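One structure is given here, and the rest of the page talks about it.
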Amino acid sequence: MRDGELEKLLSRVSRPARYLGTEWNAVHKDWEENPARMAFIYPDLYEVGMSHLGLAILYGAVNERAGMLMERAFAPGPDLEALLRQNRIPLFSLESHRPLYEFDVLGFTLQYEMSYTTILNILDLAGIPLLAGERTAAHPLIIGGGPGAANPEPLAPFFDAFLLGDGEEALPELLALVADLKKKGTINDRRRVLQTIAGLPGFYVPSLYEVKYNDDGTVAEVVPREKGVPARVSKRVIPDLDTAYFPTRPIVPFLEVIHDRIMLEVMRGCTHGCRFCQAGAIYRPVRERDLALLLHQAEELVRHTGHEEISLTSLSTADYSRVEELAQTLTAAYADRGVSISLPSLRVDAFSVRLAEAVQRVRKSTLTFAPEAGSQRLRDVINKGVDEEDILTATAEAFRAGWQAIKLYFMIGLPTEEEEDLLGIVHLARRILDVGRKLAPGGRPTVTVSVSSFVPKPWTAFQWEPQDRIEVIKRKQEMLRRHLKGPGMKFNWHEAEVSFIEAVLSRGDRRLSKAIAAAWRRGARLEGWTEHFNFTLWEEAFRETGIDPAFYAYRPRRDDEVFPWDHLDFGVSKAFLKKERRRAREGRVTADCRSGRCSGCGVCPGLGVDLILKGGSPGHAV
């Protein structure tokens with residue numbers, strides 16, 4: 001697209017800075033000198049996508065290599081989408097404003113099930129056939145990665161390949177392969193290209209596998225269609241983060257984004273073993289970055305961005321073995337330069353509160369904890385690893401240290417949940433509020449209770465469990481709403497219908513692709529935003545395609561059932577997850593294996609890595 005045309009187009013939309021592509025540290029590589037060309041696509045608005053650390057990592061990892069380039073694209077706002085369709089202009093990348101169909105590879109990050117209809121919308125706006133089987137050599141390869149690749153089957157007909165696991169090394173390998181195939185002149189043989197990609201570690205090519213179903217509609221097996229295709233695809237893992245690429249010149253957006261700050265990844269993975277948590281399973285093993293390396297990266301990031309906050313990011317930052325030393329060193333180095341340190345993830349313990357207090361020069365208005373369940377019985381079922389005394393001690397420490405407000409995250413609809421577990425949420429919140437009235441400065445604290453609905457996820461101990469029906473979730477929400485009111489108490493909840501669609505898609509098979517497409521045709525897109533989600537569109541889509549969503553969301557799975565994702569391997573064994581499910585039913589807690597005792601999940605021996613123990617030394621799985 002020529003600059004004049006772009007100017008004219010963007011003069012008619014709100015927030016045109018979303019589409020300029022000229023931000024500080026944006027990379028503009030020569031198109032002709034880089035034969036392997038990829039667009040990284042975050043299927044949501046710019047403000048959300050530019051907050052994604054994975055984008056920054058992969059963008060730099062590719063663009064720092066010769067012979068390949070990566071540009072960015074996001075879902076357009078409704079105003080730009082209307083103009084693109086009205087003027088028949090294909091969706092374009094930010095850096096060069098080239099149509100997306102000119103790239104060799106389009107890579108979608110699959111962060112959230114509710115982005116799936118937006119992916120189809122982006123393909124359509126780019127002028128690319130939705131179904132992989134209808135594309136030719138003239139079209140880009142469509143690949144996906146991220147947590148959604150833990151079960152990519154509902155999207156399988158739309159994608160050429162999925163990358164399982166870490167992408168810093170795998171994506172450049174893919175683009176090097178693309179460049180080599182173009183040089184040899186074999187890039188036009190689509191089938192051969194896909195077969196070659198399937199030979200790369202960590203890449204799953206769904207068209208090379210056949211899904212067979214039982215008479216009852218469950219999956220019988222997923223098997224390769226031809227010889228040479230691996231029966232089981234294992235995820236990619238970078239065992240040593242100190243040798244992994246990390247960007248120290250990330251793009252600095254023109255406009256405010258969701259997380260407008262430096263993101264310093266201190267570690268990857270989590271071993272707490274919460275039985276509902278997919279991230280804790282698929283991102284294992286735990287890998288830490290060296291303290292000296294992190295301090296160097298922080299210095300470079302501050303110099304090259306101008307941000308005034310450094311966020312120490314991971315699934316559980318307080319578990320980093322040298323977190324106190326890191327936080328104190330960074331605070332001492334940057335406080336006088338106006339750069340603050342933040343900890344986005346806190347454990348429910350007093351140590352985390354003291355750590356947060358040490359790094360924050362100005363008290364934040366809210367401190368957030370996630371007890372997840374209201375009773376000790378249910379916290380043991382989900383393996384949360386904290387008791388009420390831990391929670392009360394941590395919140396008391398926070399009020400005493402000057403925080404005025406506490407936010408508590410809970411989940412409702414968890415397996416074995418009973419009414420007394422829900423009332424436990426009320427009891428705990430009121431006890432914390434009472435503590436705050438005694439200890440908080442001014443004696444006027446606020447406690448906000450935020451509840452989400454349990455969504456059973458692949459690769460968790462609860463992947464066999466049903467989700468509560470929508471009407472049951474709504475009754476539970478209403479009961480909590482009645483009890484959690486009054487001075488100092490606030491209550492938030494998630495829309496039950498959204499959680500239902502999440503549950504359907506999270507454990508779905510390839511047949512669901514028809515419903516996703518039908519919902520998109522009716523107008524579903526940008527469904528992570530409340531104002532854009534319309535449950536009626538999904539109800540109509542299920543009716544049109546003859547798909548019963550209850551089959552996926554509400555049906556308990558047999559203990560021996562074959563799952564749509566069983567031919568993929570994220571390291572955690574199904575036997576271990578079955579054992580964890582039994583222990584959940586018995587209310588038995590499994591200790592964090594970083595404390596020294598192996599839980600037998602299978603990741604370390606299966607992937608040939610050593611676990612970093614809580615003291616910072618390597619351990620060995622048995």
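These numbers come from a predicted model, not from an experiment.
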Are side-chain N/O atoms of [X] and [Y] paired as donor and acceptor at under 3.5 Å?
X	Y	result
S342	E309	yes
R249	H304	yes
T118	S115	no
W529	D44	yes
E300	T248	no

- Query: Does NZ or CZ of R511 fall inside the cone over Y213's six-membered ring, less than 6.0 Å from its centre and within 45° of the axis?
  - Reply: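 Judged by the rule, R511 and Y213 form a cation-pi pair.
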Centroid-centroid distance, [X] to [Y], less than 6.0 Å:
X	Y	value
W538	F542	yes
Y46	F74	yes
H567	Y204	yes
F103	W31	yes
Y554	F500	yes

I'd like to know if the side chain of [X] reaches the main chain of [Y], judged simply by a donor and an acceptor atom lying under 3.5 Å from each other, with no hydrogens or angles considered.
X	Y	result
R510	P206	yes
Y59	V27	yes
T317	L312	yes
R190	T136	yes
W459	A150	yes

- Query: Taking only residues two or more places apart in sequence, or in another chain, which ones meet T530 in a side chain to side chain contact (heavy atoms under 4.5 Å, CB included)?
  - Reply: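 Partners of T530 by the side chain to side chain contact (heavy atoms under 4.5 Å, CB included) criterion, ordered by chain and then number, come out as E495.
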Salt bridge check: are [X] and [Y] linked by an N-O gap of less than 4.0 Å?
X	Y	value
K29	E71	no
E173	R65	no
E113	K457	yes
R268	D166	yes
E47	R15	yes
E153	R507	no
D468	K476	yes

- Message: Take a 6.0 Å sphere around CZ of R85 and say whether it holds more than 12 heavy atoms from other residues, nucleotides or ligands.
- Response: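 Count over threshold, so yes.
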- Item | From NE2 (H259) to NE2 (H52), nearest 0.5 Å |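 The distance works out to 11.0 Å.
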- Rounded to the nearest 0.5 Å, what separation is found between the CD1 atom of I41 and the CG atom of L106?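 Between atom CD1 of I41 and atom CG of L106 there are 4.5 Å.
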pair [X]-[Y]: side-chain heavy atoms closer than 4.5 Å:
X	Y	value
T117	E527	yes
S506	Y552	no
R525	E81	yes

- Message: Looking at every heavy atom in both L163 and A170, which two are closest together, and how far apart are they?
- Response: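 Nearest heavy atoms, L163 then A170: CD1-CB, 3.6 Å.
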- Item | salt bridge (Lys or Arg N to Asp or Glu O under 4.0 Å) against R475, all qualifying residues, sequence neighbours excluded |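 Per chain and number, R475 pairs via salt bridge (Lys or Arg N to Asp or Glu O under 4.0 Å) with no residue.
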- Item | Residues which pass side-chain hydrogen bond (donor to acceptor under 3.5 Å, both in side chains) with R72, listed by chain and number, not counting sequence neighbours |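 Per chain and number, R72 pairs via side-chain hydrogen bond (donor to acceptor under 3.5 Å, both in side chains) with E23, E95.
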- Task: Output, in order, the C-alpha distance, side-chain angles, deciding distance and verdict of side-chain hydrogen bond (donor to acceptor under 3.5 Å, both in side chains) for Q467 and S499.
- Result: CA-CA 9 Å; Q467 185 183 52; S499 298; 5.1 Å; no
